[in-house]
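Since the structure comes first, as structure tokens, the remarks are kept for the end.
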Number of protein chains: 2
Amino acid sequence: MVKSKSQNPLEKLLNQISGPWTMYILCVLDKNGSLRFGDLRRQVEGISPKVLTDRLRMLEAIGIVHRDYNPTIPPQVSYALTDRGKELSQPLYQLYDLATQWYGEVIEEDGVQTPHTPSAF
Amino acid sequence: MVKSKSQNPLEKLLNQISGPWTMYILCVLDKNGSLRFGDLRRQVEGISPKVLTDRLRMLEAIGIVHRDYNPTIPPQVSYALTDRGKELSQPLYQLYDLATQWYGEVIEEDGVQTPHTPSAF
DNA sequence: CGGTATCCGTGTTGATACTG
DNA sequence: CAGTATCAACACGGATACCG
């Protein structure tokens with residue numbers, strides 16, 4: 001997401017979970033538990049398959065998301081948060097609270113529904 | 001840092017505080033309390049004035065950093081964290097802990113000293 | 001001292017079309 | 001269904017040089 005010097009672990013993590021779509025994807029996964037690629041794509045309205053794949057691969061690489069591949073025909077692949085992924089929720093809640101305090105409520109754009117999930121984000 | 005759709009407050013905040021230098025700057029300010037532009041620049045070794053200004057303006061805009069301008073000759077401008085900025089430390093600590101657990105300790109690069117401040121980050 | 005102006009390189013996003 | 005391939009657009013980072 002940025003190569004950047006002086007990359008401490010925190011900065012690295014922040015670089016990874018920030019940027020377009022990523023948080024939104026985590027949010028949707030947190031809310032729904034486990035979703036297949038297509039469903040995920042439908043929930044994250046407007047994302048292109050390429051970008052969704054990129055984000056999922058990245059999240060998988062850092063152990064935040066688990067990819068479950070079933071080589072049936074047609075193939076079924078589903079994604080869910082790992083334990084690490086769920087651990088993230090805790091501190092993110094607090095950041096979310098601060099962010100909401102500061103910026104106020106979500107501003108909807110071009111039809112993308114922002115979740116407002118009470119139990120997560 | 002990215003224009004991005006589906007920008008909820010959390011995503012917005014994360015987008016802003018992540019990216020090169022930003023966390024490092026916050027960290028240095030948290031450690032030192034208040035610094036003049038030149039001192040800050042010296043502490044954040046390798047940053048260009050443009051980028052430092054960009055980050056500071058951004059952090060100021062979201063109320064995380066306070067800019068104190070003294071029109072003396074030569075002018076003196078110092079920067080410090082606002083209360084909001086200090087509030088951020090709390091949740092960031094937790095993220096820092098997770099990040100450190102996951103990625104292990106800091107890897108030093110090209111002479112930039114990563115702070116390891118015990119009291120902050 | 002504390003910046004701004006300008007410019008370039010590059011990474012990353014994102015559409016669209018196609019495939020096993 | 002679950003992606004890859006390809007390509008264009010663009011913002012962003014960063015270097016250098018200059019200004020009040």
Side-chain angles (χ1 to χ4, degrees), chain A residues 1-7 11-12 14-25 28-29 34-61 65-80 109-112, chain B residues 1-7 11-12 14-25 29 34-61 65-80 109-110 112:
Chain A
M1 196 134 293
V2 147
K3 10 92 234 255
S4 92
K5 311 170 168 188
S6 77
Q7 183 107 286
E11 202 169 340
K12 188 173 172 186
L14 287 174
N15 283 168
Q16 285 160 332
I17 64 179
S18 67
W21 306 112
T22 312
M23 282 302 310
Y24 193 86
I25 293 167
V28 168
L29 283 177
S34 181
L35 286 173
R36 296 178 56 185
F37 188 86
D39 293 329
L40 195 46
R41 190 179 164 186
R42 247 160 271 126
Q43 298 259 345
V44 186
E45 206 179 300
I47 197 170
S48 73
K50 180 199 161 199
V51 174
L52 180 53
T53 304
D54 288 352
R55 294 302 181 282
L56 287 171
R57 292 276 182 280
M58 200 273 303
L59 290 170
E60 194 191 352
V65 155
H66 174 70
R67 179 172 186 266
D68 189 29
Y69 176 65
N70 249 47
T72 53
I73 297 180
Q76 291 191 204
V77 183
S78 49
Y79 295 89
E109 294 180 36
D110 54 35
V112 176
Chain B
M1 196 136 295
V2 149
K3 4 99 242 240
S4 90
K5 310 169 168 189
S6 77
Q7 184 108 288
E11 200 170 342
K12 189 173 171 185
L14 287 174
N15 283 166
Q16 284 160 333
I17 65 179
S18 68
W21 306 114
T22 312
M23 283 302 309
Y24 193 86
I25 293 167
L29 283 178
S34 180
L35 287 173
R36 296 179 55 184
F37 187 88
D39 294 329
L40 195 47
R41 189 178 165 186
R42 247 160 272 127
Q43 299 258 347
V44 185
E45 206 178 301
I47 197 171
S48 73
K50 178 198 163 199
V51 174
L52 180 53
T53 305
D54 287 353
R55 294 303 182 278
L56 287 171
R57 292 278 182 279
M58 200 271 307
L59 290 171
E60 195 193 351
V65 156
H66 175 71
R67 179 172 186 267
D68 190 29
Y69 175 66
N70 248 48
T72 54
I73 298 182
Q76 290 191 204
V77 182
S78 49
Y79 295 90
E109 293 180 37
D110 55 33
V112 176

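Lettering follows sequence order; numbering is per chain, from 1.
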Whole-Å distance between [N] [atom2] and [X] [atom1]?
X: B/W21; N: D/dC12; atom1: CH2; atom2: P; value: 18 Å
X: B/R36; N: C/dC1; atom1: CZ; atom2: C1'; value: 7 Å
X: A/I47; N: C/dT16; atom1: CD1; atom2: C1'; value: 16 Å
X: B/N15; N: C/dT13; atom1: CG; atom2: P; value: 11 Å
X: B/N70; N: C/dG2; atom1: CG; atom2: P; value: 10 Å

- Item | Out of D/dG3, D/dA15, C/dG3, whichever nucleotide has its closest atom nearest the side chain of B/T53 | C/dG3

- Note on the structure: Considering only heavy side-chain atoms of B/S48, the closest of D/dT4, C/dT4, D/dG14 is D/dG14

- Query: Does B/R41 make a side-chain N or O approach to OP1 or OP2 of C/dG3 shorter than 4.0 Å?
  - Reply: no

- On DNA chain C, check which nucleotide each of A/P75 and B/Q76 is closest to and give me the residue with the more 5' one. B/Q76

- Mapping B/D39 and B/K50 to their closest nucleotides on DNA chain C, which lands nearer the 5' end? B/D39

- Query: Can you check whether A/W21's main-chain N or O pairs, donor with acceptor, with B/E11's side chain at less than 3.5 Å?
  - Reply: yes

- How would you label the contact of B/Y79 with the nucleic acid (heavy atoms, under 4.0 Å): base, sugar-phosphate, or nothing? sugar-phosphate

- Task: Have a look at B/V77 and say if it touches a base, only the backbone sugar-phosphate, or nothing, with a 4.0 Å heavy-atom cut-off.
- Result: sugar-phosphate

- Task: With A/R55 as reference, evaluate A/I17, A/T22, A/L40 under the side-chain contact (heavy atoms from CB on, under 4.5 Å) test and give the passing residue.
- Result: A/T22

